[in-house]
Each structure stands twice: as structure tokens, then as C-alpha cells.
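Okay, so here's the structure we're looking at.
Quantities reported herein were computed from a predicted structural model and do not represent experimental measurements. Residue numbers start from 1 in every chain, and the chains themselves are labelled A, B, ... in the order their sequence lines are given, proteins ahead of strands. Below, each value reflects all heavy atoms present in this structure, side chains not excepted, and no hydrogens, waters or symmetry copies.
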Amino acid sequence: MSQVIKDGKDTIIFATKEDHQSPSKVILSPPEPSPGLIFPDGSINWNCPCLGGMATGPCGVEFRESFTCFHYSKEEPKGMECREKFTAMWACMDQYPEVYTEGLKDDEEFLNAEEQADKTTKNKETNS
Amino acid sequence: MLSKLRLIRPPVSPGTRVLNSWESKNYSDKKNGGGKNNRGKTPPLIQVIKPVKINFSKKNKKIYEPVNIPKKEIIVSESNEYPLKTCPIVAKDEFSTTPNLSTTAQSSGSEKSNGWQNDSKNKQSFRNWSLFGGAIILSGTIYGIYHFDLMKQKKDDNHTTKEKKNAKKIRKLVQIPSLSESIPDNIQYLLIGGGTASFSAFRAIKSADPTARVLVISAEGYLPHMRPPLSKELWYGDDTEMAKSLNFHQWNGTSRSLFYEPEPFYTPVEELTTAKNGGISLARGWKVKSIDVSKKKVKLNDGKEISYDKCLIATGSVPKTLKLYDDASEELKNKFSVFRSISDFEDLWEQLGHIKSIAIIGGGFLGSELAASLANKGKKNGVKIYQIFKENGNMGKVLPKYLSHWTTEKVRNEGVEVVTETEVENCSLENNKQQVNLILSNGKNISVDHVIMAVGAKPNTELAADAGLEVDSKLDGYLVNSELQARTDLYIAGDCACFYDKQLGRRRVEHHDHAVISGRLAGENMAGAAKPYQHQPMFWSDIGPSVGYEAIGIVDSSLTTIGVFAKGNHKDPSILANETDQNTSTNKKEINEELVPKTNEPMSENEYKKGVVFYLKNDVIVGIVLWNLFNRMSIARQVLKSDRCYKDLNEVAKLFNIHGDSS
């Protein structure tokens, strides 16, 4: 049984689990859209928080060019034509080890990364 | 393909790593969410850094370990003009009638689960794309934890630290570049202030305009950083070195730096004009003295002039001080401090090693968080913490009285001696000038080694008068429209912006999330977006291990509130006692205030364990507090966006699944 307590202008309701079992009758307006990295129309959301400082940092332009190339790539495997852009991005990132290479020092990561890359490439192909 | 890319691939799986970094870097509504359960990883509407919560619950699973609040807090999220909207249909008494008891046997929260479905859908699609991004290009390494060579910076500051133990340190201000000649004479985007709003703005500008040239002029010697952990997470880690290097644990267990970006992220100011792809540069330790809005020019403290295409003022706010401090002798002043900056944190950290008592004056967010944090930190050394304020409970301006009292009990449980309804009337040095004697309005005296003033902040509008910019007479802050524009090509964001919110009227907000949201909006608009302020900021606070809440909208304890709390399975003894005392033949009870013992709240802590509090103005919901209930902020946003007139708020409360998992 729920309890209601008045404390001056403040009301306190202690609701039991049972009280709240039935679905609410309140109809809300739809939630705000919260786009991820890719907008519903397929374009890239450069303001996505998921990018952290990638698109805005010292290699932001190179990153954007590479990712754009990759995202819209029709080649098989996807992104083959983007090699140059990626190389440029890499050359840039190499200049900013503190910004871009954190966590890379571990050899295990490299190995793991190699494995994952294969898997991901497959995933990606399935997705696209 | 692209074998080199593989090398930057994250250690676990690309998607995971990217998500992790996203969590850690970004502002999500769900700050407190995911400890054990990852439900909360919807892509945040708000991005950027949310200093997530700390793991101070490793030992205590029950704890909601939230994050902290920007010290900007001193609740200024008021509005001088509540929406005119009223709800004529709602009879007051409807709230006090017994809530409907459901007879249907549906499983709980089906409405809510729609919400979750939506969330998880978003999350799914986000995850897919993260995999993409993660696999191919980025890699977590990039995002990883921000490592920054703080030590270097700290050395600069610390050399003064040891000089005098008892007197306040004079810090040498870092000034980089050392000569203003290195600063460009004209710049595309000029950001005044180097805090969170400015950070959020330059990220938005660069996202919209990839080759933008952005110059940030910051009076602080530090790189742009988040402030919330300064009063919270940084005090809870066991690792002293970590705290000293300004790293802290987030709720998901990872550590990160207070600094948003490491130093090499920023283009050296000398190269900004010539850099091929533009960049973001910092002029640290420099101050803008005046703005000529018509000529679109600013003048620095040494007379150097800089022309801009677009300018943002994000100068934040400065801590207020007490009059008795202002009037005190220098000797006495040395025993007092405010708490806002990294330097303040470092000074206090260092002091805690050799003093035995601290009085914190102020009962708002900062004072309450700091009291709990210091009590925890000082336990081992036997440091006594007093918290003195004039309200009758912690966060009394924000929380309804019963919750405020309950919170005070929690703060006391943390070992803080809380002195309510009391002001400091006078003070003097004593014990060979080693201590301050505080004379209180309740007739008592307290002697302490140090005093912290946490009595609010004042927006920094010192550029207004000379520039002819209007400052709001009631709320303070530069007056701007809903696009955060003060004049042509001049924008304001963060604490010092008094803006028009079409949902809740004219407002000024001193919270971290608002700095992020308004900074981003200003940045987007500077790059040509012309968007209005639409997304409601949230804020959060954690007071010790058992109080954590998130809030949105206008949360002011002078408003009418309806709180709906989960009733536990077991009848609480104090409730029983209360019922007996007050003869509760019906569910509706009037608690006579006089009967409520000051020291012993009628409700047990269990009763306020989890719930939702609605704040009403003219029967319209204007604010919501989610009490020890996390990952529901998007629902709260929807409630605020909807009609906001409800006959039965218990029905609205159902949307929040208050009996469900807190996170």
C-alpha cells in the first residue's frame, strides 16, 4: 500500500512495487534524437562524442579524410583506395605520440590487434 | 589491409575500446550508470567529458558512486521568469490522494522498457559504427586515457609550495607564450577563457570547420580541464601519486586525467596562423582586458590587440568570499581559502598533511561535497571537519526540507560536524596565531586550523561595462539570446551567460554540464549553425557514499515538490513509530512540523533510498531530481519536454522504474 505524507508544501509518496507494476498512463513526447557516429542519412557526425578529440586534434583533417574515404568506399575490400590517406594520417599521428599512441607500447596489443583486424574486417563486410 | 592501422588497434576489441573511451571522455547522462550493468551506454546527447563517477564503492557494492559536481555549483540554476504556463485543471489535492493501486498483473515497467528499447537501439547502432571506426581508423589507443605530463607543469607550481607552511603560497603564474608578440594579430575564432565551455566550443568549431584557426586566451596557467573531480574523485583514490598528478578513477574503473587534452594536442601559438590545417592554440596566463565589439578587437593586459572574426566570452565565475574575510588582516586571511582551481586543490591537499581541523563555510554543492570528501580523506590523520551554514540542512536551497535533513544526517555519518542554521559572525587568530577562532551566531565558538569559504560564485563579467554589454540585473551574467549571442559575432557560454531558455525562461546556470552544452552550442553557432538553446543540461552531486543524485531543470527548494520514493519490502521501524505517533488511520498524514524532532528525522534512510522528486511551478513540472537513481535522465528530459501538466505525478513516477535497478 502506498503512503502519502505531506510536509508543508512538499508531498512525499512511498510507492510499493505493486503500485508501480501497471504501466504508466502518461504519454511522453518522443526522446531527443541522439545520433551516433553516423547520422540516419548515412553521413558522418563529426561532432559525435565518440570521436573524442580525433576529428579536432592536430591530425583531425587527415583523420577526417581517411575516415570519409573509408566510410564511402565501394571498393572490395572496403577502403582499399584509401591507402594514401591513411598513410598521411599515420605520418601525422606519428608526430604526436602523446596524443595518439597511448597504449600502443604493448606487444600483446599488437598481436591481439592483428587478430581482431581480421574479424572486424569480416564484420564490417557483413554490415555493409 | 592497411597493416599499419592494425597497429593502432585497441587491445580488446575495437568496439569495446572505443566505447570505453567514449564513456570516459564523454558526458553522458548516465554518469552513474554502468558500474555493474551496462545499460546506460546510450550515445549521449551531450558530449564531452563528463567526469564520471569514482569507484569509491569497490568495497561497498551498494553504493552509488556518482560523480561530482563542478564547483561552480552554488545553485544558480534559477530562472527569474518561470514559464507562464499553468495547469488549471490540476487540483492540488490530487497529489495527496492515495496513488492508484494497480490490479493488473503486468510486469513492472513495461512503459519504461520501451524507453530502454529505444536506448538499446541507439546503443546498438552506435556500437556498430564504433566497431567500424574502431576497427579501421581510430583505435582506442587514440582515445585512451589522456596522459599528460603534468609533472612538468606541477613542478613549476610546486616550487613555491614548500616555502611557508602556514602562510598561503604565492604561485607564479605560468605565462605561455611569454611574449604577446607571439600571439597572432588577428584570428578567425577567439575564445576568451580556458575552461569547460571554451573547450566544448573549440571542439564544436573544429568539428564544423575542420581547418578553423582557434585561439583560446586563458587567464589560468593550466591546460583546459574539468573541475568536478577536484571536490570529489580526486580525494577518494588510495593512490596519492595519482591524485597529485591529477588523475582519478572514473566509475568504470579506468583512470583519466583532469585535463581534456594533453599539451601536444594544441598547436603552438606561433604556428597557428601558418599551420596548414589550422588548429587550436592556447595563450595561457594571458588576460583580455577589454573588447571593442564594433571593431571586433580585444586588448590584452599588456596592450596587445587582437582582431577576431568570431569571439566567445567564457570567463566563468569567481568564488565569492565572506565580508568578514574581506575586512580581515592579511595574517588572518592566510587562514582562509576558497576552492575552485587546481591550485586550490593542491594547496588543500598539501595542508591536509599537517593541519588537524578545517571549517567549511557553506551548505551548497561544493561545501557539502568537499566536507564529505575531506572527512573521508582526513580520517586517517584525525582531521576534524566542520561544516557551517545558515540553511537548515545540506543543499537546503535545492532539496526539499526532508531530503535536505536526511542528507545532513549522511554527511554527519561521514564524520563531518555539521552546524546548521548558523552563520559565522566574527573571527580572530588565536593559539599563537596558529588557529582561527570562529564566533558563531548560535553563541558558540569553534577553533580551527583552516577555513574554506564555499559560499557561491559570481559570474565574471568584468568585460561588460567597457564593452557596453548588458548584464542581467537579477540573475547576473551577460545577457544573451537563445542562440547565446550577445552582439554580432560575439557569443557567451558557461557560468557567465544569462540566456533565454524557451522551455524554462531566462536562466543562468553554474554547472559543468551546462558549460559543455552551452559551449558546444556557442561553438556551433559561431561556425554558422544558428541553433537555439534546446537541450536541458543536467547536474549531479554525490555526498559521501550513500547520497548521489542527478537533476534537471529548475531545482529550487522554495518550489512545491512531490517526491515519489520506492517503499522497501520491510516496514521501516521509524515509519512504524511515526505512524503510531500520528495516528494514521488513512494513508494521508499531515506531519506536524513541530513534532518533527530536529535531530531525528521521521523517515528512515531506507525510505529515501531511491526515488524521483518533481518540482512544480503553477502545477507545471519545471525540475526533476533523480535520487540515487541513475540512467533515467533521458526520461526526465522527455517529461520536461512534454506537456508538463499532470494530474497524478505518481503515474509520471512510474516511468522512472524507481523499484528497478538503480543504475
query = Mind checking whether B:F565 and A:F14 have parallel, tilted or perpendicular rings, split at 30° and 60°?
reply = tilted
note = Scanning both residues in full, the closest heavy-atom pair of B:L655 with A:L28 reads CD1-CD1, 3.6 Å
query = Pick from A:R64, A:Q95, A:E62: which one has the most heavy-atom pairs with chain B under 4.5 Å?
reply = A:R64
message = To the nearest 0.5 Å, what is the distance between CD1 on B:I562 and CD1 on A:I12?
response = 10.0 Å
request  = Could you go through the side-chain hydrogen bond (donor to acceptor under 3.5 Å, both in side chains) check for A:H20 and B:N657 one step at a time?
outcome  = CA-CA 8 Å; A:H20 276 207; B:N657 188 19; over 6 Å; no
ask   = Do A:I5 and B:Y402 come close enough that some side-chain heavy atom pair is under 4.5 Å?
value = no
inquiry  = For B:E651, is there any backbone N or O sitting under 3.5 Å from a side-chain donor or acceptor partner on A:S24?
reply    = yes
query = Can you find a pair of side-chain heavy atoms, one from A:Q3 and one from B:K567, that are under 4.5 Å apart?
reply = yes
Member of B:D648, B:L649, B:V639, B:V652 meeting the side-chain contact (heavy atoms from CB on, under 4.5 Å) criterion with A:V26 = B:V652
Nearest heavy atoms of A:E98 and B:P264, plus distance in Å = OE2-CG, 3.4 Å
ask   = Do the side chain of B:K206 and the main chain of A:G57 share a donor and acceptor less than 3.5 angstrom apart?
value = no
key: For B:F265 against A:P58, the heavy-atom pair lying closest together   = O-CD, 3.5 Å
ask   = If you count heavy-atom pairs under 4.5 Å with chain A, which of B:A208, B:G611, B:A653, B:G279 comes out on top?
value = B:A653
query = Under the 3.5 angstrom rule, does the side chain of B:R203 hit a backbone N or O of A:N47 as a donor-acceptor pair?
reply = no
remark   = Note: B:K654 and A:S22 closest approach over all heavy atoms is NZ-OG, 2.5 Å
request  = Could you tell me which non-hydrogen atom of B:V564 sits nearest to which non-hydrogen atom of A:A15, and how far apart they are?
outcome  = CG1-CB, 4.0 Å
inquiry  = Looking at every non-hydrogen atom in both residues, tell me the closest pair between A:D10 and B:L559 and how far apart they are.
reply    = OD1-O, 3.9 Å
inquiry  = With chain A as the partner, which of B:P400, B:P210, B:S207, B:G278 has the greatest number of non-hydrogen pairs under 4.5 Å?
reply    = B:S207
message = Can you tell me which portion of B:A275 sits under 4.5 Å from chain A's heavy atoms? Options are side chain, backbone, both or neither.
response = neither
task = Measure the NZ-CD1 distance between A:K17 and B:I658 for me, rounded to the nearest 0.5 Å.
result = 11.5 Å
